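Fair warning: this is a prediction, and the values are worked out from it, not measured in the lab.
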Amino acid sequence: MTTPQAPGGSEAGDRIPQYVYGVTRSGAAIPPDLAGLDDRPVSLVEDGGSCAALVSDLPADRPLGERADLVAHQRVLNSLVDAGTVVLPFRFGAALADRGAVEKELLADNSERFGQVLDQLEGRVELRLKATYVEDAVLREIMQNDPEVAELSQRLREVPADAADAVYYDRVRLGELIAQSMQRLRESDEQVLLDGATSAAEAFSRKTPAREEDVLDASFLVRADRRAAFEEAVDKLGETHGERIRLRLIGPLPPYDFVPEA
């Protein structure tokens, strides 16, 4: 079997180290003039089975890790997603010795497993939902619903400026009480948002909120023919909770969160 040639490839060119973006179906149509790292052309390497690797020549004169490299990696995968082509995305930094190694070490040894994952992802997209509190609205809500917080806050507002040092520990206590109330509120709101969004999704992956004001950061695996229903469910959540929670829907994205790590 002859290894597929990259555009402008040669036998010597096949020995060039290859950067791997991910795996797709054998024979998949990739967008024309698709460029990867250092604007090098992206092509498919196949081993005669059902899967193919998306690759480009690996830059040889510098280490990887520049912002432009990360952008290029994501651009290649996003192009497949935008074209409706199923793709199993690789994390940034995957490379092999040459096209032969991609064929023999990556595809030949893993084609059955790759095929199973591609079957699971076929006809589906990943959408990411981020939810963040409107700070003033949530603080008012906490004041209204937590008498201890409201009382302590009122008492501290009445303290003269020259006596601020005397109530230092009260201010610390107020901060702790607000944080505890916000945590309880977050747990409740997070579940409400998940319940509302998952009704139109096949699976979800929840991330730990990065900031105190973050309510939810979750990715959802959604069938393409159910995407409109999912977006409608998110819109309804926005209408119901918009005064206190800002929602942002991102995607479709390469389905990183639904690919088994192994």
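Two residues are said to be in side-chain contact when any heavy atoms from C-beta on lie closer than 4.5 Å; Met182 and Glu212 meet this criterion. You'll find the side chain of Ser79 stays beyond 4.5 Å of the side chain of Val76, heavy atoms only. Under the 4.5 Å side-chain criterion, counting only non-hydrogen atoms from C-beta, Pro252 is not in contact with Asn78. With a 4.5 Å cut-off on side-chain heavy atoms, Pro17 and Leu96 do not count as touching. With a 4.5 Å cut-off on side-chain heavy atoms, Pro260 and Val117 count as touching. Taking 4.5 Å as the limit, some side-chain heavy atom of Val20 sits within range of a side-chain heavy atom of Leu106.
Between Leu54 and the options Ile30, Thr85, Val102, a side-chain contact (heavy atoms from CB on, under 4.5 Å) holds for only Ile30.
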* **Residues Leu237, Ile245; criterion side chain to side chain contact (heavy atoms under 4.5 Å, CB included); working and verdict** => CA-CA 9 Å; Leu237 289 171; Ile245 300 175; over 6 Å; no

* **Trace of the side chain to side chain contact (heavy atoms under 4.5 Å, CB included) decision for Leu70 with Gln74** => CA-CA 6 Å; Leu70 297 168; Gln74 196 68 16; over 6 Å; no

* **Criterion side chain to side chain donor-acceptor pair (under 3.5 Å) on Glu187 and Gln183, from CA distance to verdict** => CA-CA 6 Å; Glu187 291 172 356; Gln183 178 61 30; 3.0 Å; yes

* Could you walk me through whether Phe90 and Leu88 pass the side chain to side chain contact (heavy atoms under 4.5 Å, CB included) check? -> CA-CA 7 Å; Phe90 282 18; Leu88 189 167; 3.7 Å; yes

* Asked: side chain to side chain contact (heavy atoms under 4.5 Å, CB included) between Lys130 and Asp214: does it pass, once the steps are laid out?
  -> CA-CA 8 Å; Lys130 290 189 173 186; Asp214 292 338; over 6 Å; no

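A side-chain donor-acceptor contact under 3.5 Å links Ser199 to the backbone of Gly196. Checked by atom type and distance alone, the side chain of Arg124 pairs as donor or acceptor with a backbone atom of Glu122 at under 3.5 Å. Checking side-chain atoms of Asp69 against main-chain N and O of Glu66 turns up a donor-acceptor pair under 3.5 Å. Checking side-chain atoms of Asp98 against main-chain N and O of Gly100 turns up a donor-acceptor pair under 3.5 Å.
Looking at Asp217 and Arg211, no side-chain N of the basic residue comes within less than 4.0 Å of a carboxylate O on the acidic one, giving no salt bridge. In this structure, Asp119 pairs ionically with Arg25, as a charged nitrogen and a carboxylate oxygen lie closer than 4.0 Å. Look at Asp189 and Arg186 and you find no salt bridge, because none of the NZ, NE, NH1 or NH2 atoms lies under 4.0 Å from a carboxylate O. Note on Glu231 versus Arg227: salt bridge recorded, some NZ/NE/NH1/NH2 to OD/OE distance being below 4.0 Å. No salt bridge links Arg226 with Glu202; every basic N to acidic carboxylate O contact stays at or beyond 4.0 Å.
Side-chain contact, Gln18 with Asp57: a donor N or O sits under 3.5 Å from an acceptor N or O. A donor and an acceptor atom, one from each side chain of Gln116 and Gln120, are nowhere located under 3.5 Å apart. Checking Thr132 against Glu213 by side-chain atom types alone, no donor-acceptor pair falls below 3.5 Å.
In this structure, OG1 in Thr198 is found 13.0 Å from CG in Leu221, a value given to the nearest 0.5 Å. Atom CG of residue Leu129 and atom CD1 of residue Ile250 lie 8.5 Å apart, to the nearest 0.5 angstrom. Atom CG in Leu247 sits 8.0 Å away from atom NE2 in His241 (nearest 0.5 Å). To the nearest 0.5 angstrom, Asp235 atom CG is 7.5 Å from Glu232 atom CD.
By the neighbour-count criterion of 12 heavy atoms within 6.0 Å, atom CZ of Arg248 is sparsely surrounded, having that number or fewer from other residues, nucleotides or ligands. Within a 6.0 Å radius of CZ in Arg67, other residues, nucleotides and ligands contribute 12 heavy atoms or fewer. Annotation: Asp33, atom CG; neighbour count of heavy atoms from other residues, nucleotides and ligands within 6.0 Å does not exceed 12. Enclosure of atom CD in Glu135 is not indicated, since only 12 or fewer non-hydrogen atoms of other residues, nucleotides or ligands lie within 6.0 angstrom. Other residues, nucleotides and ligands contribute over 12 non-hydrogen atoms within 6.0 Å of the CZ atom of Arg244.
The two residues Cys51 and Phe114 make their nearest non-hydrogen contact at SG-CB, 3.7 Å. Summarising the geometry of Ala201 relative to Val222, their closest heavy-atom pair is CB-CG2, 4.1 Å, with the distance given to 0.1 Å. Considering every non-hydrogen atom in both Gly36 and Val42, the closest pair reads N-CG2, 3.6 Å. Residues Arg99 and Val55 share a closest heavy-atom pair of NH1-CG2, 3.7 Å. In terms of heavy atoms, Phe92 sits closest to Gly65 at CZ-N, 3.9 Å. The two atoms that bring Val87 and Pro255 nearest to each other are O-CG, 3.6 Å, heavy atoms only.
There is no path of hydrophobic side-chain contacts, each under 4.5 Å, that joins Leu253 to Tyr21. Both Val215 and Leu185 are assigned to one and the same hydrophobic cluster, defined by single-linkage of ILVMFWY side chains at heavy-atom distances under 4.5 Å. Both Leu249 and Phe204 are members of a single hydrophobic cluster when ILVMFWY side chains are connected at heavy-atom separations under 4.5 Å. Both Leu44 and Val81 are part of a single hydrophobic cluster, where members link through side-chain heavy atoms under 4.5 Å apart. Linking ILVMFWY residues whenever their side-chain heavy atoms come closer than 4.5 Å, directly or via other members, places Tyr133 and Leu139 in the same cluster.
Using the six-membered ring where Trp is involved, His73 and Tyr256 have ring planes that are parallel, under 30° apart on the 30 and 60° scheme.
With sequence neighbours excluded, the residues satisfying side chain to side chain donor-acceptor pair (under 3.5 Å) with Ser219 are Glu126, Lys207, Asp257.
Side-chain contacts under 4.5 Å among hydrophobic residues (ILVMFWY), followed directly or transitively, place Val134 with no other residue at all.
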